[in-house]
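In what follows, a structure is listed as structure tokens, so that the remarks can point back to it.
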Amino acid sequence: MSGGDTGRQPKYQRIAARLRAAIEAGEFGPGERLPGENDLMAEHGVARMTARQALGVLQAEGLVEARKGAGVFVRDFKPIRRRGLERLAHARWGEGRSIWATDAGDRELVVDSVEVGEEDAPVAIAGVLGLSGEGARVCVRRRRYVLDGKPVLLAASFLAADLVSGTVIARPDTGPGGIYARLEELGRKPVHFREEIRSRMPSGDEAERLALPAGVPVMLIARTAFDATGVAVEVNNMVLDSSAYVLEFGFDA
């Protein structure tokens with residue numbers, strides 16, 4: 001952007017840009033407090049509302065967080081590197097390991113909410129799973145994942161009730177290797193996955209459950225797992241805090 005363009009920016013955006021550059025240059029490290037409204041007012045000769053708007057821009061971008069009564073601080077949450085191919089390898093869940101551990105590494109990952117039950121199949125889900133007729137039912141597993149004390153992911157898995165009703169998959173704890181290891185035991189081992197990724201702003205409920213600051217979008221990942229016959233055995237709809245994740249895909253040319 002040219003100097004002329006910068007000059008035409010509102011003052012609060014120019015202040016936000018300077019603070020952003022200072023954060024990127026390491027002048028304010030993770031967990032450090034930014035100059036407060038009074039500091040910005042004095043330094044830049046602006047009104048309180050302008051200083052507040054500047055800090056609000058950085059909060060909306062997920063770079064900083066406000067702590068009531070303490071000020072605005074650079075976020076010290078380390079991004080999660082989600083390795084899309086490695087985490088779904090049979091060598092991982094087939095040996096009883098969690099695919100989510102690939103993302104977390106040695107950090108503390110907790111599933112703090114698990115809801116499992118049977119529901120009428122949504123039309124879109126029924127179509128993917130090949131369920132037909134009125135009254136088609138699905139087993140739904142809803143979870144919230146918390147990393148280092150911060151909610152980062154909401155997930156809802158849908159499986160045909162006729163396939164998993166009465167099995168461990170219909171219980172909160174599916175055991176080592178999770179859903180995919182249990183599907184393998186049922187003779188419906190997943191051999192192929194498809195993921196679709198897009199982004200949007202969160203709903204009110206999503207923002208609350210993920211503790212998202214205003215203005216932070218979410219990433220949506222819809223994963224379908226297929227067995228050896230090409231039939232879909234699971235649909236997993238995930239909602240990710242976009243400021244918490246880096247999506248990584250490694251593959252040969």
Using side-chain contact (heavy atoms from CB on, under 4.5 Å), reason through R223 and V235 one step at a time and then give a plain yes or no.
CA-CA 6 Å; R223 181 172 69 234; V235 175; over 6 Å; no
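- Listed by first and then second residue, the salt bridge (Lys or Arg N to Asp or Glu O under 4.0 Å) pairs that reach into residues 227-238 are R188-D227, sequence neighbours excluded.
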Show the numbers, then the answer: is there a side-chain contact (heavy atoms from CB on, under 4.5 Å) between L154 and R143?
CA-CA 6 Å; L154 308 175; R143 294 91 72 202; over 6 Å; no
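- Cluster membership check: Y145 does not share its hydrophobic cluster with V239, using side-chain heavy-atom separations under 4.5 Å among Ile, Leu, Val, Met, Phe, Trp and Tyr.
- The salt bridge (Lys or Arg N to Asp or Glu O under 4.0 Å) analysis of residues 157-175, with sequence neighbours excluded, yields no pairs.
- Every side-chain contact (heavy atoms from CB on, under 4.5 Å) that L63 has, sequence neighbours left out, goes to R20, L58, E61.
- Two residues are said to be in side-chain contact when any heavy atoms from C-beta on lie closer than 4.5 Å; L147 and E108 fail this criterion.
- Annotation: the span from I169 atom CD1 to L186 atom CG amounts to 5.0 Å, rounded to 0.5 Å.
- Applying the salt bridge (Lys or Arg N to Asp or Glu O under 4.0 Å) criterion to E27, with sequence neighbours excluded, gives no partner residue.
- M238 and V146 end up in different hydrophobic clusters when Ile, Leu, Val, Met, Phe, Trp and Tyr side chains are linked at under 4.5 Å.
- Note on V46 and V72: same hydrophobic cluster, where clusters join Ile, Leu, Val, Met, Phe, Trp and Tyr whose side-chain heavy atoms are under 4.5 Å apart, directly or indirectly.
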For L212 and V218, what are the C-alpha separation, side-chain angles and deciding distance, and is it a side-chain contact (heavy atoms from CB on, under 4.5 Å)?
CA-CA 9 Å; L212 297 175; V218 290; 3.6 Å; yes
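- Applying the side-chain contact (heavy atoms from CB on, under 4.5 Å) rule to S165 yields the partners E118; only residues at least two apart in sequence or on another chain are considered.
- Residues I179 and R141 form a side-chain contact, since some pair of their non-hydrogen atoms from C-beta on lies under 4.5 Å apart.
- The two residues P217 and P202 come nearest to each other via the heavy atoms CA-CD, 4.1 Å.
- In this structure, CZ in R142 is found 10.5 Å from OG in S113, a value given to the nearest 0.5 Å.
- In terms of heavy atoms, F193 sits closest to P190 at CZ-CB, 3.7 Å.
- One finds the CD atom of E185 at 4.0 Å from the CZ atom of R182 (value rounded to the nearest 0.5 Å).
- For F226, the ring-ring contact (aromatic ring centres under 6.0 Å, His included) partners at least two apart in sequence or on another chain are H192.
- Between the OH atom of Y245 and the CG atom of L240 there is a distance of 4.5 Å, given to the nearest 0.5 Å.
- The two residues V74 and V64 make their nearest non-hydrogen contact at CA-CG1, 4.1 Å.
- Annotation: E208, atom CD; neighbour count of heavy atoms from other residues, nucleotides and ligands within 6.0 Å does not exceed 12.
- I15 places a side-chain heavy atom less than 4.5 Å from the side chain of L40.
- R75 places none of its side-chain heavy atoms less than 4.5 Å from the side chain of Q59.
- Linking Ile, Leu, Val, Met, Phe, Trp and Tyr whenever their side-chain heavy atoms come within less than 4.5 Å puts L247 and I80 in one cluster.
- Surrounding CZ of R200 are more than 12 heavy atoms belonging to other residues, nucleotides or ligands, all under 6.0 Å away.
- The two residues L153 and L210 make their nearest non-hydrogen contact at N-CD2, 3.4 Å.
- Using a 4.5 Å heavy-atom threshold, the side chains of L34 and L55 count as touching.
- Interatomic distance, OG of S199 versus CD1 of I221, reported as 11.0 Å (0.5 Å rounding).
- The CZ atom of F158 sits 11.5 Å away from the OG1 atom of T224 when rounded to the nearest 0.5 Å.
- With a 4.5 Å cut-off on side-chain heavy atoms, V140 and V116 do not count as touching.
- In the hydrophobic clustering, where aliphatic and aromatic side chains (Ile, Leu, Val, Met, Phe, Trp, Tyr) are joined below 4.5 Å either directly or transitively, M41 stands alone.
- Atom CE of M201 has more than 12 neighbouring heavy atoms from other residues, nucleotides or ligands inside a 6.0 Å radius.
- Residues F28 and P35 approach most closely at CZ-CD, 3.6 Å, considering heavy atoms.
- Closest heavy-atom contact between L129 and A232: CD2-O, 3.7 Å.
- Counting side-chain heavy-atom gaps under 4.5 Å among Ile, Leu, Val, Met, Phe, Trp and Tyr, the cluster of Y12 also holds V57.
- Ion pair R144/E115 not flagged as a salt bridge, since none of the NZ, NE, NH1 or NH2 atoms sits closer than 4.0 Å to an Asp/Glu carboxylate oxygen.
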Go through the steps to decide whether V123 and I125 satisfy the test side-chain contact (heavy atoms from CB on, under 4.5 Å), and finish with yes or no.
CA-CA 6 Å; V123 174; I125 298 296; over 6 Å; no
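- D241 and S243 form a side-chain donor-acceptor contact under 3.5 Å, judged by distance and modelled atom types alone.
- The salt bridge (Lys or Arg N to Asp or Glu O under 4.0 Å) test applied to R67 returns E65, not counting sequence neighbours.
- Residue pairs meeting the ring pair (Phe, Tyr, Trp, His ring centres under 6.0 Å) criterion with at least one partner in residues 44-66, sequence neighbours excluded, are absent.
- Both V164 and V233 are assigned to one and the same hydrophobic cluster, defined by single-linkage of ILVMFWY side chains at heavy-atom distances under 4.5 Å.
- Shown here are the salt bridge (Lys or Arg N to Asp or Glu O under 4.0 Å) partners of R209, two or more places apart in sequence or in another chain: there are none.
- Between the side chain of E206 and the main chain of S203, a donor-acceptor pair closer than 3.5 Å is present.
- A salt bridge does not link E196 with R198: none of the charged nitrogens is closer than 4.0 Å to a carboxylate oxygen.
- Legend: salt bridge (Lys or Arg N to Asp or Glu O under 4.0 Å) pairs involving residues 31-43, not counting sequence neighbours, sorted by first then second residue: E37-R48, E37-R52.
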